[in-house]
Every structure is written in structure tokens, then in C-alpha cells.
Protein chains: 2
Amino acid sequence: MIIRRNTIQKDLVRNAVYEMKRHVTANEVYEFIKEAYPTIGKGTVYRNLDILVEEGALRKVEVPDGPNRFDFTLKNHYHVRCVKCGEVSDVDMDEIPNLLERIHDTHGIEYLDYDISFKGICSKCRKEEKNE
Amino acid sequence: MIIRRNTIQKDLVRNAVYEMKRHVTANEVYEFIKEAYPTIGKGTVYRNLDILVEEGALRKVEVPDGPNRFDFTLKNHYHVRCVKCGEVSDVDMDEIPNLLERIHDTHGIEYLDYDISFKGICSKCRKEEKNE
DNA sequence: GTTACTGCAAACAATTTGCACCATA
DNA sequence: TATGGTGCAAATTGTTTGCAGTAAC
């Protein structure tokens, strides 16, 4: 088993996600860190994001039709993606209880996790729509 | 407004998705059609898949961390993706009633649609796991 | 002193696009 | 014959990877 080392870059990635607003893309994290530490590589950002997700420090929000996003919220929650501008925000909804128990026949599949992703038009884009 | 024309390629794409097993990727459709019609272009397959989705003939299944898939089922349903092999199959579960009404505060967002995507390990991969 | 990690660039996968030619209406 | 569609290749986007050098332990 590999023994992980603590590196400056790993700290920078973790802190960047904590400091920035939530739902940041790997590229946004990269650009943010580059301000203070210009030599950081994009590959390093991707690698450390994955490691931090694996370690449970961050959560990966897999967005269909768009780059993956990362946040630091521990509690499970759902996301909306604006179909106009791509912005992702949290959905103000309680978790659906016992969702996995609602499956009638698993067909031998071992269910691990689920995610609900919403689509919508954010208030900013709705306003812009009206002005057209 | 653009008036769509009926083309051989569009028919080939629609028929391919109908004939193949469900949840096919654009590339699988392309390879399938190429057997009988070798000159078809990948761009044409992508373009026609989008048009057919727009027309309601097909449904796009947006899979996080994997290529989009297409099927022809009209009724809304949910999908599982095997984290080992990437295979996508249907989940045997009823739709959650009034899901959009469970949202406490929309924050001005106009909610259009939602999708539940499950993760799991399919029976084939579970068997392979045991043999290791 | 090992060996995991970095930075960089190249590779990769999925998809979109520009454009000259083709074919439907 | 007007113009939407095709095929092809190049471009784009998001992400992964190979490798020589660097640094954490």
C-alpha cells in the first residue's frame, strides 16, 4: 500500500476549495492557486483533487454535460445546473429517505450510491431572458 | 426557423438505436451503422442524435464520468452505472412522486427536470471480483 | 536514500465545428 | 435551385499519463 506524503501543493488544493465558493471546477482551482503559486501544474491539481476525494476531505460533484466540480460539504445534498450558463448550486431539499430500498429488483447489482441532479434556469438567466 | 430534411443518415441513426440494445453511446451507433454504410461520418451521427433527441424520438441519458448514452424508451426511468465496467442499465423503481414539490426554496430558479443516477457494481463484475 | 510527488507536455476521449461538396424539397 | 445535410479533418474541452527531476519521510 502506498504511503501518502503531505505536500505544499496538496494543501494549496484543499485550501483553495475551502476558500473559494463551492462547486468549483478543477480548472478554477488551478487558476486560483496559480495567483499565489504560479508554477503549479494542472495535472497536480487533478491528482490532488482525486486524492482528497478518496480521503474524504472533498466531495466530487459529477455534472452531466460539463466539467466535474468539487465542494467540501460533508452532508449529502443535491445540485441544480443552469442549462443556460452552466452554474451549479445547491438544492434546498431534504434527502429522500430509504431511496435504495425502493428498488424492486436489483438484478444482482450491488447498489452503492445515488445522486439526484436537477436542471433549471437560474434567476440571473431568467432575468436576461425577459430582457430579450 | 429551419426546416429539417429527411435523410438516409437520420433514418440510419434512429433505426440503429431502435435495433441495438438500449443505452448505446454515439460511438457504438457510429460503429453499428458503419457496417452497412461505411461512409457515414461521426459528426453526422452526433448531429442526428441531437436532432432526434430534440424531436423527442430519442432520449439522452447523461452519464456522469462517461460518454452520453441514448435510448428510445418514452417513459421516464432511472439508470445505474457500474463503477467497474461502465455499463448502464435500467433501475427497477417507480418514479418518485412530486419530487420537484419537495424543494423548500427555489431561490428564483425555474426547475425544469431532474434525473436520478445510481452507482453500483453489476453482477458480472461482482462475480469477477470474487474470483480474484 | 527511497520513492512518492511535481511540472510539463503529450496523449487521450468525447464532442463540436468549419467548410467544400452533395442531395432533399 | 435554394439551402439544409454530409463527410472529413481539425479544433475544443476536460482529463489522464509518461517521465525526468524534486522533495518528503
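All figures in this text were calculated on a predicted structure; none of them were measured in a lab. Atom set for the values below is all heavy atoms of this structure, side chains included, hydrogens, waters and symmetry mates excluded. Residue numbers start from 1 in every chain, and the chains themselves are labelled A, B, ... in the order their sequence lines are given, proteins ahead of strands.
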With a non-hydrogen cut-off below 4.0 angstrom, is [X] in contact with a base, only sugar-phosphate, or nothing?
X: Arg47(A); answer: base
X: Tyr30(A); answer: nothing
X: Asn6(B); answer: sugar-phosphate
X: Asn27(B); answer: nothing

### Task
Please report the C-alpha distance between Glu62(B) and Arg81(A) in whole Å, then the side-chain angles of each, then the deciding distance to 0.1 Å, and finally whether the salt bridge (Lys or Arg N to Asp or Glu O under 4.0 Å) criterion is met.
CA-CA 13 Å; Glu62(B) 292 171 332; Arg81(A) 178 171 193 273; over 6 Å; no
### Message
Pick the closest DNA chain C nucleotide for Ile3(B) and for Thr44(A) by heavy atoms, then say which residue is nearer the 5' end.
### Response
Thr44(A)
### Task
Let me know, please, whether Tyr46(B) or Ile8(B) comes out on the 5' side of the other along DNA chain C by nearest nucleotide.
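Comparing both residues, the 5'-ward one is Tyr46(B).
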## Note on the structure
Of the candidates dT16(C), dA14(C), dT6(C), the side chain of Pro67(B) sits closest to dA14(C)
## Note on the structure
Closest of dT16(C), dG7(D), dT16(D) to the Asp50(A) side chain is dT16(D)
Ignoring backbone atoms, test whether [X] places a side-chain nitrogen or oxygen under 4.0 Å from the OP1 or OP2 oxygen of [N].
X: Thr39(A); N: dG7(C); result: yes
X: Gln9(A); N: dA23(D); result: no
X: Thr7(A); N: dA4(C); result: no

### Query
Mind checking whether His77(B) and His23(B) have parallel, tilted or perpendicular rings, split at 30° and 60°?
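Rings of His77(B) and His23(B): perpendicular, over 60°.
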Please state how far atom [atom1] in [X] lies from atom [atom2] in [N], giving the value in whole angstrom units.
X: Ile40(A); N: dT6(C); atom1: CD1; atom2: C1'; result: 9 Å
X: Asp11(B); N: dA23(C); atom1: CG; atom2: C1'; result: 15 Å
X: Glu55(B); N: dG4(D); atom1: CD; atom2: C1'; result: 13 Å
X: Asn68(A); N: dA14(C); atom1: CG; atom2: C1'; result: 14 Å
X: Lys42(B); N: dA9(D); atom1: NZ; atom2: P; result: 12 Å
X: Asn48(B); N: dG4(D); atom1: CG; atom2: P; result: 15 Å
X: Lys10(B); N: dT24(C); atom1: NZ; atom2: C1'; result: 12 Å
X: Glu54(A); N: dC5(C); atom1: CD; atom2: C1'; result: 15 Å

### Query
Which residue lies toward the 5' end of DNA chain D, Asp65(B) or Arg5(B), if each is placed at its nearest nucleotide?
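The 5'-side residue here is Arg5(B).
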Salt-bridge criterion met for [X] and [Y] (N-O under 4.0 Å):
X: Lys84(A); Y: Glu110(B); answer: no
X: Lys60(A); Y: Asp65(B); answer: yes
X: Arg14(B); Y: Asp11(B); answer: yes

